[in-house]
Protein chains: 2
Amino acid sequence: MKIEPELCKVEDALGILVGKWKPIILLNLLKEGTQRFSELKRSMPGITQKMLTKQLRELEKEDIIDRVVYPQVPPKVEYSISEYGKSLEPILAAMHEWGMKHTLHKRKKMEQKIQ
Amino acid sequence: MKIEPELCKVEDALGILVGKWKPIILLNLLKEGTQRFSELKRSMPGITQKMLTKQLRELEKEDIIDRVVYPQVPPKVEYSISEYGKSLEPILAAMHEWGMKHTLHKRKKMEQKIQ
DNA sequence: CGGTATCCAAAGAGATACTG
DNA sequence: CAGTATCTCTTTGGATACCG
């Protein structure tokens, strides 16, 4: 472990990933590629338009995703992971893997309580 | 990328790591080993007693850290990373590494704006 | 020393309605 | 279609005081 707490940049990564919907948005774009606003919304049941817009704006601001507007009627806006954004994939993968283990861990703990 | 967004467990890992102070607490315990409440507090200027207690309780509940109370006066309580908690280290390391890159990325972006 | 309890401000998040 | 705007509720986080 060579991380100096004083110089810790973990917060920076957390700042990008945190937000109830950001990981799922990123995972969606990584998996499905370029997607329209409405496609993203459909794939995230429960999210409101306001929240989706907000999260997308924040990710765009950090250069994690690209936003392309087609000046036409009806409007068409496409979102995709930027090259830079792809560098987050290892983190998402590591978190997913750990999350799987954690699910098992919690199950074991529950079973112990029952007995 | 084999992560199915529908089965996504990234949130679980995020749930553990999120909180203004959790990463720095974990980093501290990983680096310094067992520490007393007051030592932890000293190494995190700005944190309040209430917040430190709260974060520690949450981490303890998820079995990420161990809490040992010595029944003596004045009280002594020691915190340490659990075996299970150590499995989070790769994630913290990955986030730290990414955070370092991100710091550079932001600097470049600023320089471009200035010119 | 290592906490609780209480109060309060700020940020996050949801519902709903409206618009170019 | 892809958003704003507004209002409200909930969650976080900070300040302060007190306790075993």
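Protein chains get the first letters and strands the later ones, always in sequence-line order, with residue 1 at the start of each.
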**Asked** Which of residues 66-79 of chain B have a heavy atom under 4.0 Å from DNA chain C?
**Response** Arg67(B), Pro74(B), Pro75(B), Lys76(B), Val77(B), Tyr79(B)
Atom of [X], atom of [Y] and distance for their closest heavy-atom approach:
X	Y	answer
Leu40(B)	Asn28(B)	CD2-CB, 4.2 Å
Ala94(B)	Ile91(A)	O-CD1, 3.7 Å
Trp98(B)	Asp12(A)	CZ3-O, 4.4 Å

For [X] and [N], give me the distance from atom [atom1] to atom [atom2], rounded to whole Å.
X	N	atom1	atom2	value
Lys54(A)	dA15(C)	NZ	P	15 Å
Leu40(B)	dG2(C)	CG	P	10 Å
Glu58(B)	dG13(D)	CD	C1'	12 Å
Met51(A)	dT11(D)	CE	C1'	13 Å
Ile47(B)	dG2(C)	CD1	C1'	14 Å
Arg57(B)	dT4(C)	CZ	C1'	10 Å
Lys50(A)	dC9(D)	NZ	C1'	11 Å
Arg42(B)	dG2(C)	CZ	C1'	13 Å

**Message:** Using a 4.5 Å cut-off between side-chain heavy atoms of Ile, Leu, Val, Met, Phe, Trp and Tyr, which other residues end up in the same hydrophobic cluster as Leu104(A)?
**Reply:** none
**Closest-nucleotide 5' rank along DNA chain C - winner of Phe37(B) and Gln49(A)** = Phe37(B)
Using a cut-off of strictly less than 4.0 Å, decide whether [X] has a side-chain nitrogen or oxygen near OP1 or OP2 of [N].
X	N	answer
Arg36(B)	dC1(C)	no
Trp21(A)	dG14(C)	yes
Ser38(A)	dA2(D)	yes

**Asked** Less than 3.5 Å between a donor and an acceptor, one on the side chain of Lys20(A) and one on the base of dG12(C), is that the case here?
**Response** no
**Prompt:** Which residue, Leu56(B), Val68(B), Val69(B), forms the side chain to side chain contact (heavy atoms under 4.5 Å, CB included) with Val77(B)?
**Reply:** Val69(B)
**Request:** In sequence, state the C-alpha distance, the side-chain angles, and the governing distance for Glu78(B) and Tyr70(B), and then conclude on side chain to side chain donor-acceptor pair (under 3.5 Å).
**Result:** CA-CA 8 Å; Glu78(B) 286 185 341; Tyr70(B) 296 85; 3.0 Å; yes
**Message:** Could you walk me through whether Glu62(A) and His102(B) satisfy the side chain to side chain donor-acceptor pair (under 3.5 Å) test, starting with their C-alpha distance in whole Å, then the side-chain angles of each, then the deciding distance to 0.1 Å, before giving a yes or no?
**Reply:** CA-CA 9 Å; Glu62(A) 299 289 346; His102(B) 190 59; 3.1 Å; yes
